[in-house]
Amino acid sequence: MTIVRSRFAPSPTGFMHVGGVRTALFSWLLARQAGTDGTFILRIEDTDKVREVEGSIQQIENSLRWLGIEWDEGIDKGGPDAPYLQSERLVIYKEWAQKLIDSGRAYADPYTQEEVEAFREQAKAEKRPFLFRDHRPENPPVWDGSQPLRFKSDPKPYKWTDAVMGELSTGPDAIDDFVLIKSDGFPTYNFCHIVDDAIMGVTHVLRSQEFISSTPKFLNLYEALGFEKPTLATLPYVMAIDGKKKLGKRDGAKDILLYGAEGYLPEAMANFLATLGWNDGTEQEIFTVAELIEKFSLDRVQKSPARFDEQRLLWLNGQHIRLLSLDDLYARSLDFWSEKAKEAGEERQKLVLALVQDRLKTLADIPTITDYFFDEPAPKWEMVAENKQLAKLSKEEITSYLEATRTALEASEFDAESIQNTLNTLLETTGQKPGILFSLIRLVVSWAPFSPALNETLSVLGKQTVIDRINRAL
RNA sequence: GGUCUCAUCGUCUAACGGUUAGGACACCAGGUUUUCAUCCUGGCAAUCGGAGUUCGAUUCUCCGUGAGAUCACCA
């Protein structure tokens with residue numbers, strides 16, 4: 001097994017959406033598949049105090065945990081390279097910045113922000129790219145910490161291999177004198193993530209596509225610092241389903257935790273995210289988390305962006321619900337039952353749950369598909385009118401079918417099998433098609449859009465309830 | 001504008017240079033002598049365009065076209 005130290009390094013600027021979570025998932029899968037030789041680090045990059053949102057760290061941790069992503073090292077867990085919160089590591093960055101100053105690879109930026117802005121405007125007006133290094137001061141002042149500290153870059157073309165994208169290259173114009181330490185004393189992402197990855201011994205850096213054009217800067221900095229470059233893997237975007245833009249909070253990307261509240265299973269979400277841009281080359285669609293860990297590989301990750309298709313997630317969720325044992329399903333369903341259902345107790349809830357398990361797409365379907373087992377449903381006759389077949393029946397026909405049904409069921413033993421026999425006999429005596437007669441019975445006892453097999457539904461409801469509901473309808 | 005990336009059914013994707021271009025979601029039609037959003041069967045539907053290399057190109061090369069990213073004292 002190869003040694004893998006991978007990390008997820010979000011900034012605490014709000015909730016997590018599917019794009020960010022997928023990056024974390026892939027990184028985690030890589031570490032877990034290395035077995036005991038794999039470590040997954042959660043590092044929080046809080047160097048932009050302006051954009052920071054309170055509570056984000058907790059939310060990030062909750063999101064990862066919900067998905068089943070557990071980290072080995074992090075701010076709450078500690079680890080050999082603690083602290084894992086960048087704002088607590090400022091001395092480390094200062095140290096490395098000093099090394100760059102000493103080796104002549106960093107200098108104080110003497111300009112005001114307005115002056116730099118003027119340079120940028122000028123370049124724009126002249127239709128040429130803006131490069132700070134064109135304005136590199138001849139005799140920069142000694143850096144006292146109040147000015148930004150800039151990297152003295154060594155522009156040159158680069159060719160490198162990305163574990164996902166393959167061979168990549170850029171010209172020298174991609175490299176400029178970027179800021180290492182801001183005037184507020186905090187390092188920039190560009191600088192501190194490189195330092196941290198190196199001293200934390202990170203072997204695999206996974207990140208999303210927008211970083212591809214900054215990679216040459218990073219390569220240049222690795223060289224200046226004398227660090228070995230880790231394996232770089234660029235993940236394609238997750239796109240909004242109806243847009244051509246990457247999925248972002250502005251385009252309706254949801255907090256990943258909301259999916260849990262909406263009745264999605266974390267393993268379905270993991271399956272969905274993993275197969276959004278990755279597949280194992282076979283026709284397998286449903287993967288358990290264990291299978292994902294076993295089979296995931298960076299070289300089968302797609303190069304092109306994938307759209308976020310909620311329909312597919314819904315389908316996968318139904319598939320994963322079916323995979324659950326009844327006890328497991330029950331344990332996860334607790335938040336979704338109606339009050340009446342909870343009053344009925346665990347035994348009865350499980351009886352009903354077993355009946356409906358195959359039909360659930362989300363746990364949030366539980367009330368709509370089970371409430372009539374616990375509470376008297378309000379008749380919705382429009383459901384009869386909206387049913388193509390039932391709409392044709394006259395009021396008299398409906399009445400006579402229901403009366404016949406009541407009579408027949410009153411004589412039934414009311415286990416699933418005898419109800420089945422009773423219903424079959426009923427078809428013969430009424431001469432009606434099952435699609436019509438059974439639809440009618442189903443609606444009258446449940447008034448629900450969908451329900452389990454009729455004989456089982458009736459049996460679980462019990463004779464008295466069924467007769468009462470038929471009477472009520474009559 | 002500079003730099004860079006990507007491109008197979010509507011969507012997610014498969015295909016050592018040789019397949020009737022496969023699967024899944026969605027959709028449509030049947031079936032399950034019982035409803036239904038389950039399940040089964042079937043159907044619809046794709047290699048962005050043009051050159052080149054080759055006996056043969058979805059696959060390799062080039063040129064277009066389209067889409068996207070980036071060019072911050074944000075990450």
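Within every chain, numbering begins at 1; the chains are lettered A, B, ... in the order of the sequence lines, protein sequences first and strands thereafter.
In this structure, of rU5(B), rC74(B), rC12(B), it is rC74(B) that holds the atom nearest to the side chain of Lys182(A). Nearest nucleotide to the side chain of Val179(A), out of rC4(B), rC73(B), rC12(B): rC73(B). If you check rC74(B), rG68(B), rG2(B) against the side chain of Tyr237(A), the one that comes closest is rG68(B). Of the listed nucleotides (rC73(B), rU38(B), rU13(B)), rC73(B) has the atom at the smallest distance from the side chain of Arg150(A). Here the side chain of Arg300(A) is nearest to one of rC12(B), rA15(B), rA75(B), namely rA15(B). The nucleotide whose nearest atom lies closest to any side-chain atom of Ser304(A) is, among rC73(B), rC6(B), rU13(B), rC6(B). With rC39(B), rU13(B), rC73(B) as the candidates, the nucleotide lying closest to the side chain of Arg120(A) is rC73(B). If you check rC73(B), rU11(B), rU38(B) against the side chain of Asp358(A), the one that comes closest is rU38(B).
Exactly one residue among Glu267(A), Glu294(A), Lys295(A) makes a side-chain contact (heavy atoms from CB on, under 4.5 Å) with Phe287(A). That residue is Lys295(A).
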Scoring nucleotides 18-32 of chain B by protein non-hydrogen atoms under 4.0 Å (B base, S sugar-phosphate only, - none) yields ----SBSSS------

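Mapping Ser213(A) and Lys127(A) onto RNA chain B by nearest heavy atom places Lys127(A) at the nucleotide closer to the 5' end.
Salt bridge status for Lys246(A) with Glu210(A): present, with a side-chain N to carboxylate O gap under 4.0 Å. Under 4.0 Å is where a charged nitrogen must lie from a carboxylate oxygen, and between Asp184(A) and Lys49(A) no such pair does. The residues Arg7(A) and Asp197(A) are annotated as salt-bridged, a charged nitrogen and a carboxylate oxygen being separated by less than 4.0 angstrom.
Looking at heavy-atom distances under 4.0 Å, Leu440(A) makes no contact with the nucleic acid at all.
Interface remark: the Ser183(A) side chain does form a donor-acceptor pair with the rC73(B) base, using a distance-only criterion of under 3.5 Å.
Here the closest non-hydrogen pair linking Ala270(A) and Val289(A) is CB-CG2, 4.3 Å.
Relative to the ring axis of Phe132(A), Arg150(A) places its NZ or CZ within 45° and under 6.0 Å from the centre.
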